[in-house]
Structure formats: C-alpha cells, structure tokens
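Reviewing the structure listed below.
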Amino acid sequence: MSDLETFRRETRAWLESNCPPEMRRASQGESDTCWGGRKWKFQSDAQRIWLERMAEKGWTVPDWPREYGGGGLSHDEVKILRQEMRALGCRSPLDSFGIWMLGPALLKYGSDAQKREHLPKIARGEIRWCQGYSEPGSGSDLASLQTRAVDHGDHYVVNGSKIWTSYADKADWIFCLVRTDPDAPKHEGISFLLFDMESQGVSTKPITLISGASPFCQTFFDDVLVPKANLVGELNKGWTIAKYLLTHERDMIGGMGQTSESRSLGQTAAESVGLENGILADTVLRGQIAAYEIDAWAFRLMMERAGDMAKAGQAHPAISSLLKYYGTELNKRRMELVMSAGGTDALEWEGARTRDGSQVRAWLRSKANSIEGGTSEVQLNIVAKRILGLPDA
Amino acid sequence: MSLVLTSEQTMLRDSTRSLLVKSAPISHLRRLRDERDPVGFSRPLWKEFAALGLPGILVPQQYGGMGLGHVEAGIVMEELGHTLAPSPFLSTAVLAATAIARGENEAQKQEYLERIVAGDLIATVAIDETGKHRPEKIALSAARSENGFVLNGAKTMVLDGHVADLLIVAARTAGTPGEIRGITLFLVNGGSGGPRAERTVMVDSHNAARLTFDNLKVPGSAVLGTVDGGWTLLDGVLNAGRAATAAEMAGASEEAFARTVAYLKERRQFGRLIGEFQALQHRAAHLYCELEVTRAAILKAQQALDESFDKAGPIVAMAKARAGKSATLAVQEGVQMHGGIGMTDEFDIGLFMKRVRVMQELFGDSNFHADRLARLGHY
C-alpha cells in the first residue's frame with residue numbers, strides 16, 4: 001500500500017471517530033459557519049469540539065507548516081483530506097479571512113516574529129481578521145486608496161476610512177492597506193499594516209445590503225496608533241503583498257458556490273416544479289439547469305486542475321482571476337435557476353417556513369460575488385493583459 | 001490522478017505535433033479538398049503514423065500495440081485538431097480498435113488488431129441512421145438465416161466509410177427502435193463484397209459515407225460481442241469516440257483562438273491595434289476561461305475511461321457537451337474578430353468553424369448529452 005493510501009485510510013478512520021455527528025449534517029448556510037475569534041460564541045458543543053480536535057491536528061490549515069499551527073501536509077495529502085471530509089459530510093471546522101487571505105500572505109511576506117505571533121492564533125480560531133482594502137472612493141481602482149499612515153517615530157498614525165469591510169464589527173484585528181508616500185505613483189506609496197480593532201480611534205458602522213443583512217461595514221480610523229513592528233514587508237511595497245493576497249481572496253470567492261451544494265439543482269427543481277413523463281415539467285428550465293450542472297461540474301475539475309498545475313509549477317500566476325470570474329458568474333447563474341425553480345414560494349422574505357427568506361436573501365447576496373474581490377470586468381482585464389498579452393489602450 | 005500531463009504524455013504530444021506540422025499542416029487538407037482526392041486522406045501519411053505506433057495506441061501490447069489509454073489517444077486527437085489533418089485515426093485507431101479490443105473474441109483480435117497497428121487496415125463503425133445521433137433507435141435489421149444473418153437498412157455519417165476495409169455495423173436483431181436490448185454488432189467487409197457505399201462530401205472536407213445494406217449476408221462468426229447484447233460495447237465505443245472528438249475540438253478551438261489573439265495583436269483600425277479595445281479584450285478573455293475549463297473536463301473524462309471504462313459515461317457526456325459549446329464559441333468569435341477576411345476561403349479560420357460544426361454533431365451534440373445527464377439526474 002502506498003503512503004498516500006495509508007494516509008487516506010488513517011485519515012478516514014480519524015475523521016470517523018473524531019468528527020461529531022452534528023458536524024456531519026449538511027450546513028444550512030452561513031449561520032452554521034464557525035468563524036472563531038475573541039467574540040465568538042459557539043453554536044454548540046459539537047462545533048467547539050470539532051474545532052479543537054481539528055486545530056490540534058493542524059488540520060484547520062492542513063497545508064501550513066507545523067511550527068505555525070498547520071498540519072504540514074503535502075498537496076496530495078491535503079487533497080485526500082478534503083476528499084475524505086467531503087465523503088463523510090464533515091463541515092469545515094473553521095472558516096476565516098485569516099485562513100484564506102492573511103495567512104498565505106504572512107507565510108510569504110511576514111517576518112518570523114509576525115508569523116509566530118499571528119499564524120497559530122488563526123489556526124486555532126482565536127483571532128478573527130477583517131480586510132481593510134476598499135474605500136468609499138476606491139473600488140475597482142483599489143490602488144487610488146487614500147487612508148494615510150504617517151511616521152511618528154516608533155509608530156504610525158492612521159487616518160481615513162474603509163468600506164465593504166466584511167464583518168469588521170465582529171473582527172479582532174484588521175489587515176489594512178494604507179498610503180505611506182502620497183507623492184509616489186499610486187502603486188508605489190502603499191504599505192501593508194496589521195492592527196487591533198480595539199485600538200483607540202477605530203470605529204465601525206454596519207451597512208444594510210439588499211439582502212437585508214449587514215455583513216459589510218464602513219470602518220473609520222481617527223488618529224489610530226500602530227506600532228512599526230506591525231508593518232508587513234517593506235515600507236511602500238505593500239501593493240505586491242496586496243495583489244498576492246487578492247489572488248487568494250479570488251480563489252476563495254470563486255469557490256464559494258461550490259461548497260454549499262449538497263443536493264443537485266435538478267433534484268431541487270424536480271420537487272418544486274414537478275415531473276411530467278419523467279422529465280421536468282418546465283422543459284426550458286430543464287435545459288438551463290442541465291447546462292448549468294455541466295458547467296459547474298467542469299468548473300470543479302478546473303479548480304482541481306489549477307491545484308495540480310500549481311503543484312507541477314505550470315500554473316499561470318493570474319489563474320486566480322479566471323477562477324474568480326468563472327466561479328462567481330456560475331454561482332449567480334445557479335441562484336437565478338434556484339429562484340426560477342422555486343417560483344413564488346421562493347419569494348417569501350420572512351417567516352419560519354423559509355427560515356426568514358434564506359433562499360431569496362442568498363440570491364441577493366450572490367450578486368456581490370462578481371463585485372467583491374475585484375469585479376468580473378477587472379478579472380477579464382487581468383486575463384486579457386497578463387495571460388493573453390493583449391496591448392494596453 | 002493529477003490533471004496535468006505526465007512527461008511521457010508530453011513527449012507523445014510533441015512527437016505527434018512535429019509529424020503533423022511537417023507532413024500535414026492545413027495546406028495538406030486544402031490539397032486533398034481542392035484535388036478532390038478519392039481517398040480523402042493520405043495513405044503515406046497514415047504509414048508515417050504507423051511508424052510512430054499511433055494506430056496502435058489503444059491496442060494491447062500482445063497484439064503489437066502501444067497499450068496506452070484514452071488520455072494518449074486524446075493527445076493525438078488534439079494535435080489533429082490543430083492542423084485539421086484528415087486521417088483514419090478516429091475511425092480506425094479509436095473506434096474500431098476499441099470495439100475489437102474490447103469485443104472479447106480472440107480470433108477477431110488476432111485477425112484484425114495487428115493489421116490496424118501496422119496501418120494496413122482501415123476500419124470504422126456504422127451506427128447513425130438519422131441526421132441526429134440516436135443510437136438506441138437503430139433500425140437496420142439483421143435477420144437470422146441458415147448460417148448467419150441477413151442485413152437490410154442504411155447507415156449515415158460513417159467515417160471513412162467509402163474506403164474502409166472493415167465495417168463494424170450496429171444492427172437490430174431483436175426488439176424495436178428505442179430499446180437498447182436487441183442490438184448486435186457485426187464485422188462486415190467493405191469494398192466490393194460489402195454494402196453499397198456512397199461518399200458524402202461534407203462541409204469540413206473530412207470523410208463520411210452513406211451505406212446501404214440490401215440483403216447482405218454475413219456469417220455467424222461476424223458477430224462482435226454477443227447477439228442482442230451489443231449495447232454495452234456499442235456505448236463504450238461511442239464514449240471513446242465522444243472523448244476523442246471532444247479532444248479534437250479542444251485542439252481545433254485552441255488553434256483558432258491562438259490565431260485570433262495573434263490577429264488582435266497585429267490588425268490596426270482607428271489608428272490602433274484592435275486588441276486594445278476592451279470590447280474585444282473581454283470577449284477574448286471570456287473565451288480563454290471557457291476553453292481552460294473545458295480542457296480540465298476533457299482530461300478528466302479521458303482519465304475516467306482509462307480508470308473505469310464502463311462507468312465513464314456521465315463524465316464523458318459532460319466533457320463532450322462542454323467541448324461542443326466552447327469550441328463553437330471559439331470558432332464563432334474567431335471568424336467575427338477576423339472581420340471580413342475571416343469570411344474568405346483563402347484564410348484558414350473558417351476551416352476550423354467547418355470542422356467544429358461536424359464534430360459538434362458527431363456522437364451526440366451538446367443538447368443530446370445535456371439531456372442524457374438530466375435523465376441520469378432524474379429530472
């Protein structure tokens with residue numbers, strides 16, 4: 001038996017005996033997600049136990065080095081772990097922007113002290129991070145950001161405002177892009193700072209979205225003092241880190257639609273629309289659903305291939321733009337089909353029957369997928385220029 | 001299994017590519033077309049294929065073949081798509097070789113496989129009877145007679161059917177059209193003793209023929225597989241053909257795309273390169289994404305055939321459906337972005353559109369496979 005087969009067998013056995021049954025039921029959406037952090041209240045003992053056991057193995061971040069709280073697994077082992085978790089229906093023990101975005105950036109650009117300080121707390125779900133990127137005047141043109149950090153000897157003083165800061169009101173720390181040289185060209189005067197959201201001068205205001213939820217905030221910085229040790233990488237070189245982190249954010253958003261699919265769309269539609277002679281009564285919708293299922297299947301394989309190519313050193317660095325663009329457009333398509341299949345039943349906004357309109361709200365939420373983390377149009381610009389080499393206007 | 005090619009597979013791709021670039025660039029297709037070549041492909045080129053072992057790619061080593069898999073067959077198909085080279089690779093090396101090698105009849109394997117490997121036998125399958133691919137509706141009848149069967153009916157879109165030495169004919173020995181039970185495969189000689197063959201000149205200048213069976217007698221030993229139980233083998237052969245066709249479409253669409261992107265970087269209008277226009281950049285970038293996603297799907301389908309041939313049907317259907325759609329988009333965008341010159345026969349881009357149109361239909365178009373998958377999903 002090969003080492004990988006042994007690993008698969010042992011992993012399955014460990015998951016079977018350590019994943020609580022409650023954590024093997026299909027997630028009902030974001031309310032079942034464990035985000036961790038200082039303010040986190042576990043929804044159940046099972047959720048807490050599952051996080052603790054996985055964190056102890058380092059499997060909340062299986063590919064990170066062991067010294068920083070990770071599992072130290074190879075690419076193939078991580079793939080097997082995910083396959084086995086999927087096969088047993090295990091929920092993710094911990095989801096966070098620390099895992100998906102900051103962690104990879106710190107591993108590449110952080111100092112040893114920064115890695116030791118922050119990575120294990122991310123791996124154990126002790127500190128929840130938020131992302132300070134977009135500003136009211138800087139959306140797609142992110143590099144035009146205006147939040148200032150001024151050198152005051154042993155610390156910086158930060159002033160300005162960020163917007164679309166996901167879960168800023170629930171987060172403990174922020175990774176934040178700030179302008180440290182206002183006279184340099186826009187990409188060359190940006191630095192990457194980390195600071196505690198409980199610092200004096202930080203305030204947040206939730207923004208109510210079309211879904212009725214308020215996952216995003218506007219965040220204000222009023223003379224916030226940040227120690228210089230919290231600068232990641234070099235001064236004024238933050239754009240490189242920002243872009244690297246964005247590729248991870250795009251992978252995360254691109255994969256969003258994939259994780260929640262517990263049942264095929266065709267099955268859902270068969271129940272709500274009904275069958276005639278064994279096929280969906282709405283034959284036009286049937287064709288659209290089948291086309292969607294084919295594309296979604298192929299996209300899952302594309303994500304798998306992107307991982308294999310990265311391992312083989314063949315992946316184009318801008319491939320995350322492809323994944324982000326394709327995955328989010330696909331997810332929006334899925335939500336439109338879900339709504340179409342559900343008819344007027346899917347339109348209820350309140351009430352226990354629809355879990356307060358979870359479906360209609362998820363449909364509205366999905367519209368942000370192709371905007372956040374760089375719009376679809378920005379991703380197409382990146383593919384056109386960086387992969388296809390098409391000329392600048 | 002990793003979704004990237006191994007170094008051996010990359011070498012196979014490179015050697016096939018250098019053969020085709022040297023011996024069968026697009027001018028080769030044009031010459032066969034313009035000279036109205038009676039065979040429709042180059043027999044010397046097929047011998048060059050044989051020198052590389054390509055006709056035997058799917059033939060087990062004990063019969064002289066390379067004993068490789070559908071990933072490797074797909075690599076050759078993809079390269080054929082790049083230069084649009086007509087060859088009996090699909091009919092003989094993929095379809096017929098798969099049918100005979102999986103037919104579980106030792107005498108038939110002995111008789112035919114080594115000749116396929118050597119490039120001495122052109123073989124094909126005769127399945128479709130109507131313009132749309134509906135294999136379960138096979139009606140061509142095979143009635144029992146004293147020593148064998150008598151075949152009556154007609155086949156259409158038989159690849160290389162007018163020059164094939166051997167025809168693998170799907171016929172009905174029981175049941176009614178629409179039923180998968182009652183289908184039997186027969187090995188029938190082509191040429192003067194075989195069915196009447198009428199070459200049908202197609203839009204892509206690749207070979208196809210109509211066959212008419214008028215009380216054609218075949219012996220009992222001509223049965224490939226089991227009487228009435230031919231569907232499983234037929235379906236497997238079709239899946240091999242679908243994956244191979246998807247791979248050729250991937251090659252054709254990527255070549256069309258590469259030529260289109262190159263054109264966007266050289267054609268000037270309004271005082272600048274047309275590739276500077278965001279309207280075109282976004283369409284090209286979207287097309288790139290579609291082609292990459294399709295590439296992953298096709299590779300997975302080929303691997304599925306190699307790992308578990310009989311269970312690969314759904315994933316092959318998915319790959320064929322994807323390939324048909326993204327290749328259609330690639331050639332349509334190719335002609336549109338070339339503008340007026342793309343409409344001329346002199347320019348190659350239109351040849352890709354013609355070939356993709358044919359491959360979209362072969363062994364079921366995107367709608368056929370989407371319908372199959374919906375049925376499998378019970379909706």
- Step by step, would you call M302(A) with L3(B) a side chain to side chain contact (heavy atoms under 4.5 Å, CB included)? CA-CA 9 Å; M302(A) 178 67 218; L3(B) 284 171; over 6 Å; no

- Message: Show, in sequence, the C-alpha distance, side-chain angles and deciding distance for Q314(A) and V4(B), and conclude whether the side chain to side chain contact (heavy atoms under 4.5 Å, CB included) test is met.
- Response: CA-CA 9 Å; Q314(A) 296 174 6; V4(B) 292; 3.8 Å; yes

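With a 4.5 angstrom heavy-atom cutoff, A312(A) touches chain B only via side-chain atoms. Only the side chain of L275(A) comes within less than 4.5 Å of a heavy atom in chain B; its backbone stays farther off. There is no contact between F277(B) and chain A, counting heavy-atom distances below 4.5 Å. Residue K311(A): no heavy atom, backbone or side chain, is found under 4.5 Å from chain B. At a 4.5 Å heavy-atom cutoff, the contact between E377(A) and chain B is made by backbone and side-chain atoms alike. Neither the backbone nor the side chain of N367(B) comes within contact range of chain A; no heavy atom of the residue lies under 4.5 Å from a heavy atom of that chain.
In this structure, the separation between CD on Q379(A) and NE2 on H282(B) is 10.0 Å, given to the nearest 0.5 Å. Put simply, CD on E329(A) and SG on C289(B) are 10.0 Å apart, with the number rounded to the nearest 0.5 Å. The CD1 atom of I289(A) sits 13.5 Å away from atom CG of L373(B), with the distance rounded to the nearest 0.5 Å. Rounded to the nearest 0.5 angstrom, L388(A) CG and T260(B) OG1 are separated by 11.0 Å. Atom OH in Y379(B) sits 12.5 Å away from atom CG in D282(A) (nearest 0.5 Å).
N381(A) and Q281(B) form no side-chain donor-acceptor contact under 3.5 Å, judged by distance and modelled atom types alone.
When all heavy atoms of Y288(B) and L322(A) are compared, the pair lying nearest together is CE2-CD1, 3.7 Å. Of all heavy-atom pairs spanning P391(A) and K265(B), the tightest one is CD-CG, 4.5 Å. Between A297(B) and L301(A), the shortest heavy-atom contact is CA-CD1, 3.9 Å. The two residues A290(A) and A374(B) have their closest heavy-atom pair at CB-CB, 4.3 Å.
Remark: R272(B) CZ is packed, more than 12 non-hydrogen atoms of other residues, nucleotides or ligands lying under 6.0 Å away. More than 12 heavy atoms of other residues, nucleotides or ligands sit less than 6.0 Å from atom CD of E307(B). Residue-environment remark: CD (E266(B)) exceeds the threshold of 12 foreign heavy atoms within 6.0 Å. In the displayed structure, K385(A) atom NZ is contacted under 6.0 Å by more than 12 heavy atoms of other residues, nucleotides or ligands.
For the set E292(B), K300(B), R283(B), R322(B), the entry with the most heavy-atom pairs within less than 4.5 Å of chain A is R322(B). Chain B forms more heavy-atom pairs under 4.5 Å with one residue of V383(A), I294(A), D76(A) than with any other, namely I294(A). With chain B as partner, the option from L390(A), I387(A), D295(A) having the largest number of non-hydrogen pairs under 4.5 angstrom is L390(A). Comparing M318(B), Q278(B), K325(B) by how many heavy-atom pairs each has under 4.5 Å with chain A, the most go to M318(B). Between chain A and the residues I298(B), L280(B), I315(B), the most heavy-atom pairs under 4.5 angstrom are made by I315(B).
Between L299(B) and R305(A), some side-chain heavy-atom pair lies under the 4.5 Å cut-off.
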